[in-house]
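To start, the structure under review is shown below, and the notes come after it.
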Amino acid sequence: MNESLFTCEGCLTEYVVTIFKATLPDAPADFVVRVSPVTDRRFGDFQCNDALALGKQLKQPPRKIADQIVAAMSPLPPMLERVEIAGPGFINLTLSNAWLAEQAQRVIALPQCGIPQVGEGRTVVIDYSSPNVAKPMHIGHIRSTIIGNALDRFFRALGYRVIADNHLGDWGTQFGIIIKGFREFLDADALAASPVEELERIYIASYQRTKEDETYLDACRNELVKLQQGDAENLALWKRFVALSIQEFERVYKRLGIGFDLYRGESFYNDQLPGVIEKLRAHNMVEESEGALVVKLDDEGLPLCIVRKRDGAFNYTTTDIATVFSREQEFHPARIIYVTDERQQLHFKQFFAVCQKLGIATTLEHVWFGLMRLPEGTFSTRQGNVIKLESLLDEAERRARDIIDASNPDMPENEKATLARDIGIGAVKYADLSHDPKNLITFTWDRALALEGNSGPYLQYACARISSLLAKYAEIAPGRDPLQNKWRVTNESERLLGLELLRFPSIVLRAADAYKPSILADYLFGLSQAYSTFYQSSPVLKSEPEIRDSRIRLCVMVMLVLKQGLSLLGIATPERI
RNA sequence: GCCCCUGUAGCUUAGCCGGAUAAAGCAUGGGAUUUCUAAUCCCAGGACCGCAGGUUCGAAUCCUGCCAGGGGCGCCA
């Protein structure tokens with residue numbers, strides 16, 4: 001399958017490349033010819049700048065090359081209305097309205113509005129969210145969860161088999177402290193009311209005590225050893241902590257419309273850790289240093305990394321390597337994608353390098369994002385300025401609800417609640433997904449919950465307006481399926497919409513390739529803007545039947561793309577707002 | 001000290017595989033509704049694209065140096 005033919009950029013590029021090759025056989029074989037959207041609408045729809053670069057290479061005036069290219073395009077193919085040379089040798093292309101309309105209707109009618117199935121037959125594991133057991137999720141967890149889930153949806157839509165794996169932090173020294181603390185400080189009522197919050201409180205209290213009381217610290221260590229040795233009582237407690245935590249995480253995930261294929265915590269790989277050391281030994285990769293076992297990565301220009309601590313315990317690098325082996329064996333993924341914050345960049349570089357040395361074939365990708373902070377600085381449990389994820393979602397829904405109460409007082413109560421959820425959650429997700437993951441995010445309520453302008457609700461609103469049009473159309477023109485109508489371009493705002501629609505499949509591909517949901521979010525905002533402009537200036541239902549039927553077809557296409565696109569971002573599209 | 005990332009309008013950002021007059025949202029000022037949802041639309045003002053060099057016909061985009069912010073750099077994950 002040639003995915004480039006899904007886009008008009010692809011079609012045009014293919015055509016222009018053919019012309020270049022036929023016209024200029026002397027051009028270097030590796031010369032790349034590209035067609036891109038114009039930088040300014042006055043120039044047409046697309047532009048090709050490569051006559052300029054080629055002029056230099058062939059030592060000819062670029063203008064002359066452009067002349068030859070344009071001459072060779074005559075007569076123009078059906079897709080083009082006009083070709084012009086501008087300035088020093090820009091070739092500006094304008095699509096014909098007939099072809100544009102035809103192509104848009106063909107592409108958007110394809111399954112998933114034409115998203116190419118480039119991942120067919122391939123598997124990708126996406127490791128995201130990964131909160132710690134016995135700690136409530138706070139706004140620091142939101143980015144991995146939301147960005148990871150968007151990537152999850154992208155890859156599924158592209159035809160990949162996706163394994164969404166929640167690699168919970170469910171093992172480690174903290175469990176000795178929690179188990180001991182559980183026996184010392186438990187408030188049973190609090191545990192019943194809010195289990196994870198209580199577990200966290202217990203942990204903090206117990207941790208405090210370890211700093212003041214040496215024998216208490218020893219007792220905690222002892223509990224940890226017992227747990228690791230499989231002591232029935234401690235194991236049961238630990239399992240309870242994990243179960244309680246997952247239960248609570250799932251409540252949040254459900255609210256966010258997120259699901260995982262696996263909840264495989266670190267503990268799952270426990271008994272595979274000695275095997276990792278064996279493999280490293282077999283590859284002659286480990287040596288002892290200051291009592292620890294390390295892998296040196298001098299050739300890769302990286303600091304050495306520890307795979308077994310001085311006390312004989314393994315660390316997260318070992319677990320991560322074991323996890324790769326396990327996933328490789330079980331799922332045979334083409335790629336494993338990790339979505340974490342920026343602080344772990346070095347760790348991933350090191351552990352990827354180790355995997356490569358071990359001959360692991362799977363492509364490993366670390367998608368990192370900037371930390372979230374508060375205007376006054378980082379947030380921390382100690383400063384008590386941590387915002388719980390659920391409080392954020394509550395506030396989001398509350399704000400959406402206020403507007404709904406004002407604008408839709410007649411709406412039934414249950415509908416209001418659902419709508420407040422769709423809009424509030426959509427706003428939170430969009431606020432994150434519309435930015436490049438690498439940017440730092442300074443959290444403010446107003447930014448996280450924007451409901452106007454470039455925001456989730458703006459896109460939902462555009463979509464809902466189309467739904468409303470369609471409902472009315474069904475009354476005016478009963479029995480007519482808008483998708484059976486033919487759209488033809490009648491004005492400039494329609495044209496712009498058509499051009500935008502045609503970009504959708506390649507945008508999805510690009511967003512997934514770059515691991516940047518913001519590319520899709522940005523596109524959808526642009527599409528919505530183009531639609532709002534069209535909607536303002538071009539009556540649909542009030543036009544003559546012929547225009548009305550044509551325009552409603554265009555509206556449906558916009559709605560299909562918005563719905564498809566928003567669903568890839570995990571954002572709901574309510575019928576009415 | 002070394003490494004990674006970021007620096008574009010008052011604020012939040014897009015553009016960064018080099019291209020024509022740097023694009024949006026918020027905020028500010030003005031306008032649009034007896035007309036398909038005003039969470040909307042239209043118009044205006046607002047930018048030494050961190051600074052300095054370099055490469056190029058052409059640089060926000062590529063290279064070098066510097067400055068500022070964030071993060072990381074052996075037994076936490």
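To find a chain, count down the sequence lines: A is the first, B the second, and so on, and within it residues start at 1.
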A:E290 has its side chain closest, among B:A39, B:G74, B:G71, to B:G74
Would you mind reading off the distance between A:F90 atom CZ and B:C57 atom C1', rounded to a whole angstrom? 11 Å
Which of these nucleotides, B:A77, B:C73, B:A39, is closest to any side-chain atom of A:P303? B:C73
As a test of reading the structure: which of B:C4, B:A39, B:U6 is closest to the side chain of A:K438, going by heavy atoms? B:U6
A:L440 side chain, from C-beta outward: closest of B:A14, B:G70, B:A39: B:G70
Could you state the atom-to-atom distance from CG of A:N439 to P of B:G25 in whole Å? 19 Å
Can you say whether a donor on the side chain of A:T39 sits under 3.5 Å from an acceptor on the base of B:G15, or the other way round? no
Ignoring hydrogens and angles, answer whether the base of B:A20 and the side-chain atoms of A:N92 contain a donor-acceptor pair closer than 3.5 Å. yes
Given B:C36, B:U40, B:A39, the nucleotide with the shortest approach to the side chain of A:Y458: B:U40
Nearest to side-chain heavy atoms of A:Y316, which nucleotide of B:A14, B:U37, B:A77: B:A77
Is NZ or CZ of A:R503 both nearer than 6.0 Å to the six-membered ring centre of A:Y523 and within 45° of the ring axis? no
On a whole-Å scale, what distance lies between the C1' atoms belonging to B:U34 and B:G30? 24 Å
Please work out whether the ring planes of A:W238 and A:W171 are parallel, tilted or perpendicular, with thresholds of 30° and 60°. perpendicular
Examine the base of B:A39 for any acceptor or donor lying under 3.5 Å from a partner atom in the side chain of A:Q460, and report the outcome as yes or no. no
Test A:F43 against A:F90 for ring-ring contact (aromatic ring centres under 6.0 Å, His included), laying out the working first. CA-CA 9 Å; A:F43 304 139; A:F90 297 103; 7.4 Å; no
Would you say A:N92's side chain and A:A86's backbone share a donor-acceptor pair under 3.5 angstrom? no
When A:S528 and A:S434 are each assigned the nearest nucleotide of RNA chain B, the 5'-most assignment goes to A:S434
Between the side-chain atoms of A:R42 and the base atoms of B:U21, is any donor-acceptor pair under 3.5 Å? yes
Nearest to the side chain of A:K472, which nucleotide is it out of B:A39, B:C36, B:G19? B:C36
Among B:G74, B:A38, B:A20, find the nucleotide with the atom closest to the side chain of A:Y461. B:A38
Is A:R343 near enough to B:C4 that one of its side-chain N or O atoms lies under 4.0 angstrom from OP1 or OP2? no
Would you tell me if any nitrogen or oxygen in the side chain of A:T533 comes within less than 4.0 Å of OP1 or OP2 on B:C42? yes
Please pick, from B:U12, B:C75, B:C36, the nucleotide with the shortest atom-to-atom distance to any side-chain atom of A:P539. B:C36
Integer-rounded Å distance: B:C17 P and A:N49 CG: 14 Å
Out of A:T490, A:T94, A:D45, which residue meets the side chain to side chain donor-acceptor pair (under 3.5 Å) rule with A:R495? A:D45
